[in-house]
> 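Submitted below is the structure of interest, expressed as structure tokens.
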Amino acid sequence: MNDEEQVFDLLDQRLVQALMVDGRAAFSRIAAVLGTTDQTVIRRYRRLRGAGLLRVLGLPEGERVGLYESRLRIQCVPGAAVAIAEALARRPDTGWVKIFSGGTEVGCLVSSRTREDHEALLLRKLPRTQQVTGVTAQTMLHEYTGGANRRFGRDRLTPEEIAALDPGPVDGASEDIVRLDDADHAMLAVLARDGRAGYPELAKAAGRSESTVRRRVEYLRGSGALSFDVEVHSVHFGFGIEAGISATVAPSELAAAGRALAEHPQVPFAAAVTGAANLAATVLCRDQRDLYRYMTEGIGALTAVHRLEVLPVLRQVKRAGLLSDGSRLYDAS
């Protein structure tokens, strides 16, 4: 087992989960909650980040800032999945690029700033790619858990510790789109690479004062337009298997089923989506036996689920990071 496959020790896992609660929490605050010293937390964080095992990202929330988002399932000819997945991963508007077992299907999230860019990928670039045999696009209607709420393995922190780290409620009352200007985009480009970037760096990128940038980050976060995610491989928490779930649920029972699914500790993402399979999720399990138990006793216990498709992930090509620069879109062909 190499370093990248080793399970983190307890303090590493608790640090990761503290960052899942608040990715920009001061190290002193995290140390106080975890019952250790500032120096220990800083040393652990720098070691994990320096080894490429952990990254905090600040990402715009698509619905709140007017992004055009779709979950794609792309069927391709045998042998083409790796090239297609890598081309999609190079695009600044994609995240969660995966190759599913069987090697002939790629999944990803596309999040574009304009309708034209979104349609160009769905209607022109992918269909013209010879190795692509089919594309299914789903719109996310409602997210039950995911993004800033993605806290798999939550038993490493107590409810009291989570409450002590919680940055506060997000104002979800307003349905108005939060408009981003060029300075916001410049600042978000930095946060998409390092969600813990300091205010001097953000101010320099945005061309604004540190106090203005600080207030803007607090506003974007409080309004639900900006969230902080943690990129970490689930294998470090002992989860050896990741699978995509597509379920069909009666519309009258969809909300209840989605909320129930979001409470399962194995589920870091669950959302209502368009299409015949109207409930999508990601499940993390320790091994195949654990996946079987979850299928039969976890999601299997939800009687509202009428049809279930389980797609084990063969390779994760790109994780959460998206919209990390202002470059033109890469060609997915």
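All values reported here derive from a predicted model rather than from experimental measurement.
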> Determine whether Arg91 and Lys125 make a side-chain contact, defined as any pair of heavy atoms from C-beta on separated by less than 4.5 Å.
yes
> Are there more than 12 heavy atoms of other residues, nucleotides or ligands under 6.0 Å from atom CD of Glu63?
no
> Can you confirm whether Met187 sits close enough to Leu220 that some side-chain heavy atom of one is under 4.5 Å from a side-chain heavy atom of the other?
yes
> Mind checking what makes salt bridge (Lys or Arg N to Asp or Glu O under 4.0 Å) contact with Asp182, not counting sequence neighbours?
none
> Considering only residues two or more places apart or on different chains, which pairs with a residue in residues 97-117 satisfy ring-ring contact (aromatic ring centres under 6.0 Å, His included)?
none
> Holding to side chain to side chain contact (heavy atoms under 4.5 Å, CB included), I want the full list of residues that pass it with Tyr219, two or more places apart in sequence or in another chain.
Val178, Arg216, Ser223
> Hey, are the side chains of Ile99 and Glu105 touching, using non-hydrogen atoms and a 4.5 Å cut-off?
no
> What's the shortest heavy-atom distance between Asp181 and Asp184, and which atoms?
OD1-N, 2.8 Å
> What salt bridge (Lys or Arg N to Asp or Glu O under 4.0 Å) pairs are there with at least one residue in residues 248-262, not counting sequence neighbours?
none
> Please report the closest heavy-atom contact between Ser70 and Leu122, naming both atoms and the distance.
OG-CD1, 4.2 Å
> So do Val273 and Leu141 actually touch side chain to side chain, heavy atoms under 4.5 Å?
no
> With side chains defined as the heavy atoms from C-beta onward, is the minimum distance between Thr139 and Glu69 less than 4.5 Å?
no
> Write down the atom of Leu279, the atom of Ala257, and the distance for their closest heavy-atom approach.
CD2-CB, 4.3 Å
> Using a 4.5 Å cut-off on heavy atoms from C-beta on, say whether the side chain of Val217 contacts that of Tyr199.
yes
> Can you list every side chain to side chain donor-acceptor pair (under 3.5 Å) pair that touches residues 298-307, not counting sequence neighbours?
none
> Who passes salt bridge (Lys or Arg N to Asp or Glu O under 4.0 Å) against Arg286, sequence neighbours left out?
none
> Who passes salt bridge (Lys or Arg N to Asp or Glu O under 4.0 Å) against Asp290, sequence neighbours left out?
Arg293
> Within a reach of under 6.0 Å around CD of Gln288, are more than 12 heavy atoms found that belong to other residues, nucleotides or ligands?
no
> Whether the Gln138 and Thr274 side chains hold a donor-acceptor pair (N or O, under 3.5 Å, no angle test) is what I'd like checked.
no
> For Arg47, which residues count as a salt bridge (Lys or Arg N to Asp or Glu O under 4.0 Å) partner, sequence neighbours excluded?
Asp12
> State, without any angle test, whether Ser227 and Glu61 hold a side-chain donor-acceptor pair at a distance under 3.5 Å.
yes
> What's the shortest heavy-atom distance between Ala281 and Val267, and which atoms?
CB-CG1, 4.3 Å
> With sequence neighbours excluded, tell me which residues meet side chain to side chain contact (heavy atoms under 4.5 Å, CB included) with Ala277.
Ser246, Thr248
> For Tyr45, enumerate each residue passing the side chain to side chain contact (heavy atoms under 4.5 Å, CB included) test, keeping only those at least two apart in sequence or located in another chain.
Leu15, Leu19, Phe27, Arg49, Leu54, Val56, Asp194, Arg196
> Using distance alone, with no hydrogens and no angle criterion, decide if Arg156 and Gln13 have a side-chain donor and acceptor under 3.5 Å apart.
yes
> Linking Ile, Leu, Val, Met, Phe, Trp and Tyr through side-chain heavy atoms less than 4.5 Å apart, which residues share a cluster with Tyr68?
none
> Which donor-acceptor pairs under 3.5 Å do the side chains of residues 237-244 make with protein atoms, sequence neighbours left out?
{"residue": "Glu242", "atom": "OE1", "partner": "Gln316", "partner atom": "NE2", "Å": "3.3"}
{"residue": "Glu242", "atom": "OE2", "partner": "Lys98", "partner atom": "NZ", "Å": "2.8"}
{"residue": "Glu242", "atom": "OE2", "partner": "Gln316", "partner atom": "NE2", "Å": "3.4"}

